[in-house]
Amino acid sequence: MLRRPLVALVALGVSWTVVSASAVAADPAAPTPAPTSTPPLPEPWMRPGEVAPQAYQGTPQTQSLVASAPQRRSLGPGVRTAAVVADSAWSWYMDPRVLGTRTATYLSSVRNNGDIQVTKVARGSAELSHTVLAARFQADDHNAPSLTELPDGRIAAFWTAHSSVPARYRITKRPGDLSSFGPTLRLTGSGLESAPSTYTTMLQVEGAAYRYHLFTRRTSDNAWVMTRSKDLASWTPAVRLFAHEGREDPPYPKFVTAGDGTINIAVSDTMASPGQRSSMYHLTLRDGVFRQSDGTPIRTLAEVAGSAGQAPRPIDPREATLVYDGRSADGRARVYDIAVSGGVPTIVLTTGAEDGTWTYKWFRHLAGTWTMRTLDRAGGAQPSGITLRHDDADRVFLSRGEGDVGSRELYEYRTGDDGASWQARAVTHGSTKGNRTPAAPWGAQDGSVSTAWLAGPYTSFSSGQWATTVSIETTDPAPLELRSTWPIGWSKGKGIDGRITAGVGGVGVPGQRAWIVARLPGGEERRRNSALTDADGSVHLAVNRYYPRGTRVRVEVPAAGGWGRASTASVDTATDTTAIDLDSTWLPGWDRGLGVGASVTQVRDGAPRVGAKVWVLARFPGGTEQRRNSAVTDTQGSVHLGINRYYPKGTRIRLQVPAQSGWGSATSESHWTGS
């Protein structure tokens, strides 16, 4: 089942290596050699028939490395790798990080300065859009948002700070328009409004009484909880899903739904720290009942939550179906992804043995049992990631290589016979700084992007210790970012300066042609004159100083040479100030000594505005608003402003950048002390 031809890949000229079942070790029905005795079942309530027969391995599986095909490096027709946003990262337990729709691919990430951000790549043209949901929030890759497309085409993004602030979310006001994100919202009614948490996963369960299901890990007890909503305005009280001993050893779950009303869950029984024997389990939630893989009920959601005076009864993961036994020779397990295609669940995970050997494993539930394959076995540093295509779980992407993470390449493995044989190809080739943490798109099944990952140096998940670029493999052009500077007098002879980069904040692209596009009053828009970018992607464009008043001018980079389209907004020649954007972050405690962080950019999410003075405006209850204190933005456009912690409760505070030196003004939303 789930067999799919490779004709399309052959047509694109992508080389594959055919690997037999013996090369990618196909697990026998019984371990070879057999263990001297059958290991005891993990819990006394389990019967032998309820445990997957391949869950335990008495000896390590054999596995041969797969020969790789050379990477297509040309920007000509076919498959290409491309940068999307520089200096950005994500972690593992927020989903979807990559969202496919009929018109675009959306990617969430955290920049190494702490910006929580979403980037959109339009299908076909590869035109980029980018927005910052919260500026200078927390430089930790656990904070990347989870994304979902609402039935009307709007985009919702959910995120947290690593164990330090409650989950929050924003929703665009218009379908697919990242510039229209509304205010930051809390999970009203969930009991989590003021509860710090880590990670978010957002699922839409069609046909359920509550369409939206949000999962997050509550900081107070490190418990994974679920809250639901019908309208993304009010939420049900959060329910703790899993029981575990002690706050410091939570399970790690992955959740997925495939539009059939069922949520599939893969979950470990421990944190999978070194020295632990973490095992992996599977269960489902449908129509308010948690069940094992074969449909055997575990408990109702009402029983898990506690109702009718009964205490809550969270599920011990070991009550679910055992998929992999952590006492096996290959060691402890950690889940990385779960997908359902053709109604069949598939799980990928890594294992770590005490001798420092790790494996990547693939599992599929067929004919009432879980089939297991080992796709890679190596020593050296810990695994760098594995993911499944969510529309086609026959396709697996993993970062492969011995030793140092910096030398690892990204590969795609594919099976057409439920794991009996495999084919493999290289997605990347000749990398010097590594490829890690792949994530395949959720959503639209016919998109141009096959997978996304992090390419480049990565030291740690915290304190912004990464310089990775969110990258994609795509059949569309490679996306470009166009940033422009319109100085005072731009329409009177000074012209417009721009810079074209590979992705948001990436390296400059030389030899790229940029055009002045103008529309005279009452006329049609036309390309007027052009120039090529220099070695670092910079370009200067002259503007006809005699254009009549009211002429609309923009800069455009047409799609060409394998690169996508880029364009600025149109500006009227009568306009002689440059618009700016003020983005501020008000963390809990801002009025009790923490203060407020902000960034000032040219237009929304544009180039940093350096040296801009930002003021704190305060109005006491019953008083008038006054300027209180100020600070000047640094080279990144960032600023931190102290707030008088002794302002009386109900003092209204906002930030303001006054118009200055040809730049426009901007003001933040108001906040009240003690609120």
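Scope of the values below: all heavy atoms of this structure, side chains included, with no hydrogens, waters or symmetry mates.
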Practice prompt. Determine the interplanar angle of the Y199 and Y252 rings, folded into 0 to 90°, and report it as parallel if under 30°, tilted if 30 to 60°, perpendicular if over 60°.
Written response: perpendicular
Discussion item. According to salt bridge (charged side-chain N to carboxylate O under 4.0 Å, His left out), does anything in residues 526-541 pair up with another residue at least two apart or in another chain? List the pairs.
Written reply: R527-E556
Worksheet, complete the sentence: Checking L147, V118, L107 against L99 for side-chain contact (heavy atoms from CB on, under 4.5 Å), the one that qualifies is L147
Worksheet item: Side chains of S146 and T200: is there a donor and an acceptor less than 3.5 Å apart?
Response: yes
Discussion item. Quiz question: by atom type and distance under 3.5 Å, do the side chains of T351 and T359 form a donor-acceptor pair?
Written reply: yes
Discussion item. Tell me whether R400 forms a cation-pi arrangement with Y360, defined as NZ or CZ under 6.0 Å from the six-membered ring centre and within 45 degrees of its axis.
Written reply: no
Discussion item. Pairing donors with acceptors under 3.5 angstrom, does anything connect the side chains of S341 and D392?
Written reply: no
Practice prompt. State plainly whether the residues R395 and E473 are in salt-bridge range, i.e. N to O under 4.0 Å.
Written response: no
Item to complete: Determine the interplanar angle of the H142 and H162 rings, folded into 0 to 90°, and report it as parallel if under 30°, tilted if 30 to 60°, perpendicular if over 60°.
Response: parallel
Worksheet item: Going by atom types only, do W453 and S399 share a side-chain donor-acceptor pair under 3.5 Å?
Response: no
Worksheet item: Do T148 and Q204 have side-chain N/O donor and acceptor atoms under 3.5 Å apart?
Response: yes
Practice prompt. Using the six-membered ring wherever Trp is involved, compare the ring planes of W466 and Y458 and label them parallel, tilted or perpendicular (cut-offs 30° and 60°).
Written response: parallel
Worksheet entry | Distance, nearest 0.5 Å, that separates CG of N435 from CG of L454 | 9.0 Å
Fill in: Passing option when R364 is tested against D418, T369, T415 for side-chain hydrogen bond (donor to acceptor under 3.5 Å, both in side chains)
D418
Discussion item. Under a 3.5 Å cutoff, is there a donor and acceptor pairing between the side chains of Q117 and S88?
Written reply: yes
